Amino acid sequence: MCRVLSSEHEDSMRLSRYFLPILKEAPKEAEIVSHRLMLRAGMMRQQAAGIYSWLPLGYKVLMKIEQIVREEQNRSGAIELMMPTIQSADLWRESGRYDAYGKEMLRITDRHEREMLFGPTNEEMITDIFRTYVRSYRDLPLNLYHIQWKFRDEVRPRFGVMRGREFLMKDAYSFDVDQAAAEKAYAKMFVAYLRTYKRLGLTAIPMRADTGPIGGNLSHEFIILASTGESAVFCDKELLDTPVPGEDVDFDADMKPIVESFTNKYAATEEMHDEAAFNALPEDRRVSARGIEVGHIFYFGTKYSEPMGAKVAMPDGTEKPVHMGSYGVGVSRLIGALIEANHDDAGIIWPESVAPFGAGIINLRPGDAAVDAACDKAYAELSKAGLDPLYDDTDARPGAKFASMDLIGLPWQIIVGPKGLADGVVELKYRRTGEKQLVSLDAAIARVTEKA
RNA sequence: CGGGGUAUGGCGCAGUCUGGUAGCGCACCUGCUUUGGGAGCAGGGGGUCGCAAGUUCGAAUCUUGCUGCCCCGACCA
């Protein structure tokens, strides 16, 4: 009894007590599938163009993605801190970007008529922190990151969270003594990104990106393939199966072979596409698809350290500006990308690593003693196993319950009704394939919890 | 920022051309019947028709101005 009660105070939830405002029809402004499904599944609500409230279901997914991103950043040796959303214009004047940035920057004036801004990124601020405290080459390398809300006043926000104005982003910044060291930091992040997307259930392909005036080849966009992607991409089919390093990867070792196992194969977005090089691939290895950018890493040398005076003392006593790189992951955008890559006509199909609840339990006849008891048992067992189940104990009709559960896309459903129970079985449904089987309650619980 | 749409209850929509007391489906509340893939019947609540001026005896409807939102393009995580 106490066990059941205490588990209820964790993440598991009875639908009758939850806040899950499901819509049968999607608001007309939502055009693409991820946007429609997020609104219908009650994950978010638009408050202004490109600005959203995160409702409980959406917020849970957002936090799960954020946590995976965080764990992989930490594993690679990056260190988390937190910078504010509001910044002073003065910092941006130092780098020259205050005037250069244009109208995408949301400029704010405070009560003392001081010029402020809602940060679209944090290179200036992190450089300021660095120059304040770090003076010696001995303190390098250093990689600091935070996961914070950003604002870019896009001319035309669209596609829901895929192209919002306010968005959650992980941005990391590396500091090194020279370009060779910075390249090592870059390679570490490259590998951390491969691992992050893998854990999210996505196949992200690193593609060379435009490095602008700095040149070199140290900029990659991480792209996932989805038919609704925003840009055309071209790559070698072998990249889809190139192995991603496991949890035991040693980040102190040389990352270059891993990076090269990806960068030695053709991959480019439309802007960087080289038709001749692509056509040199055997025909059956040419993948021409659409993609969604979910991360971007680049090395930019002394672009900020130089004008902002972020220098360290070198062994010979001279001072040199540090070499920097920055590494972004669009955390909120990833929700949209995940849905674009994982859905069917009935709704969302969450990868297990980010599903808002690990499994759904549907009670087809609340009030029926046997059905209630079976559901209570499933709920307690799944909760105990840390599966974080959502228990639909409402008195809605079966059809509505099935439709809602499919819509929100939990990996597993255990469906309990009086008819099946009379034969000693419940229905176990795997959302991704739609595969259903009639098994005993214990077997269903065992099957769902075996991976947890 | 150029071009095009659109704005009527929480969501989807009709009504606007031709001015005359705001309607439908879903959702919500009550009751009854139902209950294994988005139930049926009956009753009920909820909207100053985006905002502001104007025309008119009378404006959701006509005129003017403004604003929000959406789509296409250029731009970006």
Side-chain angles (χ1 to χ4, degrees), chain A residues 21-32 35-36 39-40 42 45-51 55 69 101-105 119-122 147-172 193 204 209-210 212 219-224 229-231 269 271 291-298 326-337 345-347 362-368 371 392 394-407 413 415-423 425-427 429 434 436 438:
Chain A
I22 281 179
L23 297 176
K24 216 161 170 178
E25 294 175 278
K28 65 178 172 187
E29 69 265 16
E31 194 80 351
I32 62 165
H35 192 190
R36 296 174 64 83
L39 292 171
R40 287 194 53 213
R45 166 166 174 77
Q46 177 162 318
Q47 303 290 172
I51 299 176
L55 305 182
V69 170
Y101 216 92
K103 300 186 87 167
E104 283 192 349
M105 178 185 281
T121 177
N122 288 68
I147 301 173
Q148 176 64 292
W149 292 95
K150 306 280 192 295
F151 195 92
R152 286 184 198 167
D153 199 359
E154 298 284 348
V155 205
R156 181 149 96 83
R158 64 187 126 168
F159 306 146
V161 296
M162 301 269 288
R163 183 75 179 282
R165 290 195 291 175
E166 188 183 54
F167 56 97
L168 187 61
M169 182 172 170
K170 184 285 300 182
D171 41 325
Y193 275 40
D210 193 355
S219 178
H220 286 88
E221 292 180 358
F222 285 76
I223 306 266
I224 65 161
E230 62 219 315
S231 52
T269 59
E271 306 88 65
I292 300 170
E293 183 184 346
V294 290
H296 195 168
I297 62 179
F298 52 96
S326 80
Y327 314 88
V329 171
V331 176
S332 49
R333 160 180 274 209
L334 267 166
I335 294 195
D345 289 345
I362 296 179
N363 183 331
L364 290 177
R365 189 75 60 87
D368 178 297
V371 178
D392 185 347
T394 64
D395 58 6
R397 298 179 62 80
K401 293 185 173 196
F402 297 139
S404 295
M405 200 59 88
D406 283 349
L407 175 62
Q413 298 172 18
I415 299 158
V416 186
K419 291 181 188 170
L421 227 43
D423 298 329
V425 295
V426 300
E427 183 179 299
K429 176 172 171 181
K436 293 176 256 194
L438 296 173

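All of these numbers come straight from a predicted model, not from anything done at the bench. Note that these values count all heavy atoms, side chains included, but never hydrogens, waters or copies made by symmetry. By convention in this document, chain letters (A, B, ...) are assigned in the order of the sequence lines, proteins followed by strands, and residues within each chain are numbered from 1.
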Base, sugar-phosphate, or nothing for A:Pro21, non-hydrogen atoms under 4.0 angstrom?
-> nothing

Within the pair A:Gln46 and B:G68, is there a side-chain N or O less than 4.0 Å away from OP1 or OP2?
-> no

Would you mind classifying the nucleic acid contact of A:Asp406 as base, sugar-phosphate or nothing, using non-hydrogen atoms under 4.0 angstrom?
-> base

Using the P atom in both, what is the distance from B:C75 to B:C66, to the nearest Å?
-> 29 Å

Complementary nucleotide of B:C41, counting Watson-Crick and G-U pairs under 3.5 Å = B:G31

Across the strands shown, which category fits A:Gly417 at heavy-atom distances under 4.0 angstrom: base, sugar-phosphate, nothing?
-> base

Could you tell me whether the phosphate oxygens of B:C71, OP1 or OP2, come under 4.0 Å of any side-chain nitrogen or oxygen in A:Arg156?
-> yes

Whom does B:G36 pair with, Watson-Crick or G-U wobble, provided both distances fall under 3.5 Å?
-> none

Opposite nucleotide pairing with B:A22, Watson-Crick or G-U, both atom distances under 3.5 Å | none

Span that lies between the P atom of B:C72 and that of B:G65, in whole angstrom = 27 Å

Looking at A:Arg163 and A:Glu154, does any basic side-chain N land under 4.0 Å from a carboxylate oxygen?
-> yes

Short side-chain N/O contact to B:C11 OP1/OP2 from A:Lys24, under 4.0 Å = no

Separation of B:C28 C1' from A:Asp395 CG (nearest whole Å) | 14 Å

B:U55 versus B:G19 - spacing of their C1' atoms, nearest Å | 11 Å

Would you mind classifying the nucleic acid contact of A:Gly164 as base, sugar-phosphate or nothing, using non-hydrogen atoms under 4.0 angstrom?
-> base

Quick one: label A:Gly102 by what it contacts on the DNA or RNA (base, sugar-phosphate, nothing), any heavy atom closer than 4.0 Å.
-> nothing

Quiz item: A:Arg158 side-chain donor-acceptor pair to B:C76 base, under 3.5 Å = no

B:G10 C1' sits how many Å from A:Glu29 CD, rounded?
-> 13 Å

Among B:A39, B:G38, B:A77, the one nearest any side-chain atom of A:Glu154 is B:A77

Nearest whole angstrom, please: distance from the C1' of B:C76 to the NZ of A:Lys150.
-> 15 Å

Would you kindly check whether a donor in the side chain of A:Arg40 faces an acceptor in the base of B:G38, or vice versa, at under 3.5 angstrom?
-> yes

Find the distance A:Met169:CE to B:C76:P and express it as a whole number of Å.
-> 15 Å

Roughly how far apart, to the nearest Å, are B:C26 and B:U67 at atom P?
-> 39 Å

Rounded to the nearest 0.5 Å, what's the gap from CG on A:Asp392 to CD1 on A:Ile415? Could you check?
-> 10.5 Å

Ion pair present between A:Arg333 and A:Glu230, side-chain N to carboxylate O less than 4.0 angstrom?
-> yes

Tell me what A:Lys429 touches on the nucleic acid: a base, only sugar-phosphate, or nothing, going by heavy atoms under 4.0 Å.
-> base

Does A:Arg152 place a side-chain N or O at less than 4.0 Å from the phosphate oxygens OP1/OP2 of B:C76?
-> no

Touch check for A:Lys103, heavy atoms < 4.0 angstrom, all strands: base, sugar-phosphate only, or nothing?
-> sugar-phosphate

Taking atom C1' in both B:G20 and B:G58, compute the distance separating them and give it to the nearest angstrom.
-> 7 Å

Position toward the 5' end of RNA chain B (nearest nucleotide), A:Leu438 or A:Ala26 | A:Ala26

Considering every strand shown, what is the Watson-Crick or G-U wobble mate of B:C49 when both distances are under 3.5 Å?
-> none

Here the distance between atom P of B:C71 and atom CZ of A:Phe159, to the nearest Å, is 7 Å

Once you round it to whole Å, what is the distance between P of B:A77 and CE of A:Met105?
-> 14 Å

Comparing A:Leu23 with A:Ile415, nearest RNA chain B nucleotide closer to 5' gives the residue A:Leu23

Partner of B:G73 under the Watson-Crick or G-U wobble criteria, both distances under 3.5 Å, comes out as B:C1

B:G12 and B:A7, which share atom name C1', separated by this distance in whole Å = 14 Å

Write down the partner of B:G54 under the Watson-Crick or G-U wobble criteria, each distance required to be under 3.5 Å.
-> B:C62

Counting only Watson-Crick or G-U wobble pairs whose two distances fall under 3.5 Å, which nucleotide matches B:U6?
-> B:G68

Under a 4.0 Å N-O cut-off, is there an ion pair linking A:Asp171 with A:Lys150?
-> yes

Looking across every strand, which nucleic acid part, if any, lies under 4.0 Å from A:Lys401 by heavy atom: base, sugar-phosphate, or nothing?
-> nothing

Under 5.5 Å and under 30°: A:Phe167 stacked on B:A77 = yes

A:His296 and A:Phe298: aromatic ring centres closer than 6.0 Å?
-> yes

When rounded to the nearest Å, what value does the distance between P atoms of B:U61 and B:G9 take?
-> 15 Å

Hey, what do you get for CD (A:Glu166) to CG (A:Asp153), rounding to the nearest 0.5 Å?
-> 12.0 Å

Rounded off to whole Å, could you give me the CD-to-C1' distance for the A:Glu230 and B:C72 pair?
-> 17 Å

Using the side chain to side chain donor-acceptor pair (under 3.5 Å) rule, take A:Gln413 and A:Asp406 through it: C-alpha gap first, then chi angles, then the decisive distance, then the call.
-> CA-CA 9 Å; A:Gln413 298 172 18; A:Asp406 283 349; 2.8 Å; yes

Whole angstrom is fine here: how far is it from CZ in A:Arg163 over to P in B:C72?
-> 11 Å

Which part of the nucleic acid does A:Ala48 contact within heavy-atom distance under 4.0 Å: base, sugar-phosphate only, or nothing?
-> sugar-phosphate

